[in-house]
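The structure presented is a predicted model; accordingly, all values stated were derived computationally and were not measured. The chains referred to below are lettered A, B, ... by the order of the sequence lines, with proteins before strands, and numbering in each begins at 1.
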Amino acid sequence: MNKPTIPQGTRDFNAATIYKRNYILNTIRNAFQLYGFEALETPAMENIDTLMGKYGDEGDKLIFKILNNGLDNPAKQAEVTAAFQKVLEGKTNKQITERALRYDLTIPFARYVAMNYGQLTFPFKRYQMQPVWRADRPQKGRYREFYQCDADIVGSNAMINEVELAHLYAHVFNMLNLPVTIKINNRKILAALADMCGGAEKLTDITIAIDKLDKIGIDKVKEELQQRNLTATQIETISEFLKIQGTNEEKLNTLSNSIGNHPSGKEGISDLQFILAQQTTGNPLPLEIDVTLARGLNYYTGTIFEVKAIGYNIGSIGGGGRYDNLTGLFGLPNVPGVGISFGVDRIYDVLEGLDLFPKQLIKCSTVLFFNLGKDESNRSFTLLQTLRAQNISGELYHEPAKLDKQFKYAEKKGIPLVVIIGSKELAENTCTVKQLATGQQVTFTQSDLLNYIATLESGL
RNA sequence: GAGAGCGUAGCUCAGUUGGUUAGAGCGACAGUUUGUGGCACUGUAGGUCGUGGGUUCGAGACCCAUCGUUCUCCCCA
């Protein structure tokens, strides 16, 4: 028999990993609740129509489709064969697949809002922390199953929402002691640029090219723009636009000069100004205007966010933005929203890489009772249960064995305290407690055990 | 979707221009030590060399295919 394996890009998580992941998840969840978001969970799978066409052509290819059941039904053989022929031509087909795994949390959320519009109080603020699946080729910081943690506010155009989300980002990364840059931009600015360079249909070409600025440099970007059929004048306009540098304020000034007269550009600039102005005193957010920030997801229309860790290269660890009409895709027009997402798995990699996880996250048994015989272990078990009743975790060694072996077990599992009840202690109604870290050992009556451990535990 | 690297013991790896019986460290288990762990010493177990084919007198090593994995590009969290 072959060794068992797990699907490409998925992982098992052992105890130590889970404690660290929970540290991140708890931090994020607490922040979500602190900022007034309510919880939501949606199914792992959605109807395929809900997902297809929402993430662009690339996205459609990366959606995991679920094969329908009953394809082997002989009565349907002809239809199924015909349907499969269409799949071979590159079209998904409901005869073959009518469900798919969740690709992100935003679209299922929009679907939920559209379905439950009447029951919700607006602005509706929800958070959601669940795994998503993408059929990408795995590599560093990229998995096929990973957690996203989203907070969205729908039913409000107010820019105060962007401010809230920027602070929420800063709050979480501050709690995690993780230095980050929160990059912000506005699609309206990019739209204005596109409009001044040949029209909205150029937007995609322009954003794809300028997004690479810090990777390939201005000359290569110009080349790419040329290949994408932009004229010399247009390329010149773009390269002027890309020259902006300096502080956020300086960037805003430069932007005003280049696209400030364009109505959409003007709006975008004032949106950015609003967010940057709402800083709490003394503790500025790590916000940085980045006009090359575009983000691939099709539905963003206003503010866009992207979070990069400082000092560890792994792509973005968070992203989000404003969308004017997400629920319109599901028949509910005029519900604007804005949201952000945390990439837990990448945040984990960064914290691990920078050694930023707090020590002492690992929770296991506080006490190990040695097993030194039948009567002895019966007494130990009774005492163990009284500790557990007071919320002190512990376990009894599973069988009588040499002390040596039981000590080693405690040590390997990181159990800080052992309680020894052998024939002598049993007869005298005493117990011996040893702290493994210091080797300190005390013997006293069994009725004092609970108190003794309770006072010790706070210092462990 | 395009490209590159790597698959040898549970883990990390060594293995010479192709040459006899494939090694080390760590870990596991046992013992030195049947009421006191970490240290030390001794011993034991554990390998279809990812899989399938090919070249060769001879393949862990060379060739082809395949699977797995890691990384890069694309795109993303």
Side-chain angles (χ1 to χ4, degrees), chain A residues 1-11 24 28 55-63 90 102-106 129-150 169 180 204 207-209 211-212 215-216 224 293-298 304-309 313-320 339-350 368 370-373 376 397 400-426 431-443:
Chain A
M1 188 169 142
N2 290 329
K3 279 188 179 177
T5 58
I6 55 175
Q8 193 180 37
T10 65
R11 296 153 299 158
I24 300 171
I28 295 172
Y55 309 106
D57 292 341
E58 278 300 308
D60 282 355
K61 288 182 198 161
L62 299 181
I63 292 171
R102 185 169 56 215
Y103 178 87
D104 75 349
L105 301 179
T106 308
M129 309 172 63
Q130 290 188 276
V132 302
W133 294 269
R134 296 185 187 177
D136 230 329
R137 184 164 296 191
Q139 52 180 278
K140 187 185 178 192
R142 172 169 305 178
Y143 308 101
R144 287 186 153 184
E145 177 183 61
F146 60 96
Y147 259 76
Q148 288 195 326
C149 300
D150 279 29
Y169 258 150
V180 295
T204 312
T207 54
I208 288 175
D211 186 47
K212 298 176 183 168
K215 273 187 190 170
I216 62 177
E224 178 149 354
L293 180 61
R295 296 195 54 77
L297 295 174
N298 286 349
I304 41 187
F305 293 106
E306 190 163 291
V307 185
K308 303 272 270 187
N313 197 13
I314 199 166
S316 62
I317 57 175
I340 58 172
S341 180
F342 292 84
V344 172
D345 300 82
R346 284 188 181 173
I347 292 171
Y348 182 99
D349 290 343
V350 175
L368 175 71
F370 276 13
N371 189 328
L372 296 170
E376 294 87 341
Y397 197 78
K402 286 199 239 176
L403 295 199
D404 177 74
K405 195 163 181 175
Q406 305 195 45
F407 267 117
K408 282 181 176 160
Y409 176 82
E411 193 190 345
K412 276 176 199 158
K413 292 197 68 173
I415 300 171
L417 294 177
V418 300
V419 177
I420 302 168
I421 296 177
S423 53
K424 190 173 142 216
E425 287 87 353
L426 187 64
C431 56
T432 298
V433 180
K434 181 163 183 175
Q435 298 187 53
L436 262 66
T438 60
Q440 194 186 355
Q441 181 171 311
V442 202
T443 302

ask   = Of all residues at least two apart in sequence or in a different chain, which pass the ring pair (Phe, Tyr, Trp, His ring centres under 6.0 Å) check with F146(A)?
value = none
request  = Can you check whether any acceptor in the base of U36(B) is under 3.5 Å from a donor in the side chain of Q441(A), or vice versa?
outcome  = yes
query = To the side chain of R137(A), which of G31(B), C71(B), G35(B) is closest?
reply = C71(B)
inquiry  = Applying a 4.0 Å non-hydrogen cut-off, can you work out what D345(A) is touching in the nucleic acid: base, sugar-phosphate, or nothing?
reply    = nothing
request  = Look at all strands and tell whether K412(A) reaches a base, only sugar-phosphate, or nothing, counting heavy atoms closer than 4.0 Å.
outcome  = sugar-phosphate
inquiry  = Between the side chains of D57(A) and K61(A), is the shortest nitrogen-to-carboxylate-oxygen separation below 4.0 Å, so that they form an ion pair?
reply    = no
task = Remember a base hit wins even if backbone is also touched, and classify G59(A) as base, sugar-phosphate or nothing at under 4.0 Å, heavy atoms.
result = nothing
query = When rounded to the nearest Å, what value does the distance between P atoms of C73(B) and G10(B) take?
reply = 35 Å
ask   = Looking at K405(A), does any N or O in its side chain come under 4.0 Å of the phosphate oxygens OP1/OP2 on U34(B)?
value = no
request  = May I ask you to verify whether the side chain of R142(A) and the base of C71(B) hold a donor-acceptor pair under 3.5 Å?
outcome  = no
inquiry  = Determine whether a donor-acceptor pair (one donor, one acceptor, N or O, separation below 3.5 Å) exists between the side chain of E425(A) and the base of G35(B).
reply    = yes
query = Is a donor on one side and an acceptor on the other found under 3.5 Å between the side chain of Y169(A) and the backbone of S341(A)?
reply = yes
Side-chain H-bond candidate by donor/acceptor type, E425(A) with T432(A), under 3.5 Å = yes
key: Within the 6.0 Å centroid threshold, strictly below: Y147(A) and F342(A)   = no
request  = Check the distance between C73(B)'s C1' and E224(A)'s CD and give it to me in whole angstrom.
outcome  = 13 Å
Whole-Å C1' distance, A24(B) and C64(B) = 33 Å
ask   = Distance between the P atoms of A22(B) and G3(B), in whole angstroms?
value = 39 Å
request  = Starting at atom CD of E58(A), determine the distance to atom P of C74(B), rounded to an integer number of angstrom.
outcome  = 11 Å
ask   = Does Q139(A) place a side-chain N or O at less than 4.0 Å from the phosphate oxygens OP1/OP2 of U72(B)?
value = yes
query = Going by ring centres under 5.5 Å and near-parallel planes (under 30°), is F146(A) stacked on A77(B)?
reply = yes
inquiry  = Can you see if the side chain of Q8(A) gets near the phosphate of G68(B) - specifically, an N or O under 4.0 Å from OP1 or OP2?
reply    = no
query = Is a donor-acceptor contact shorter than 3.5 angstrom present between the side chain of K434(A) and the base of G37(B)?
reply = yes
message = Taking any heavy-atom pair under 4.0 Å as a contact, classify G422(A): base, sugar-phosphate, or nothing.
response = base
key: Ranges pairing with ranges for RNA chain B, where each run has three or more Watson-Crick or G-U pairs under 3.5 Å   = B:1-7 with B:67-73, B:10-13 with B:23-26, B:28-32 with B:40-44, B:50-54 with B:62-66
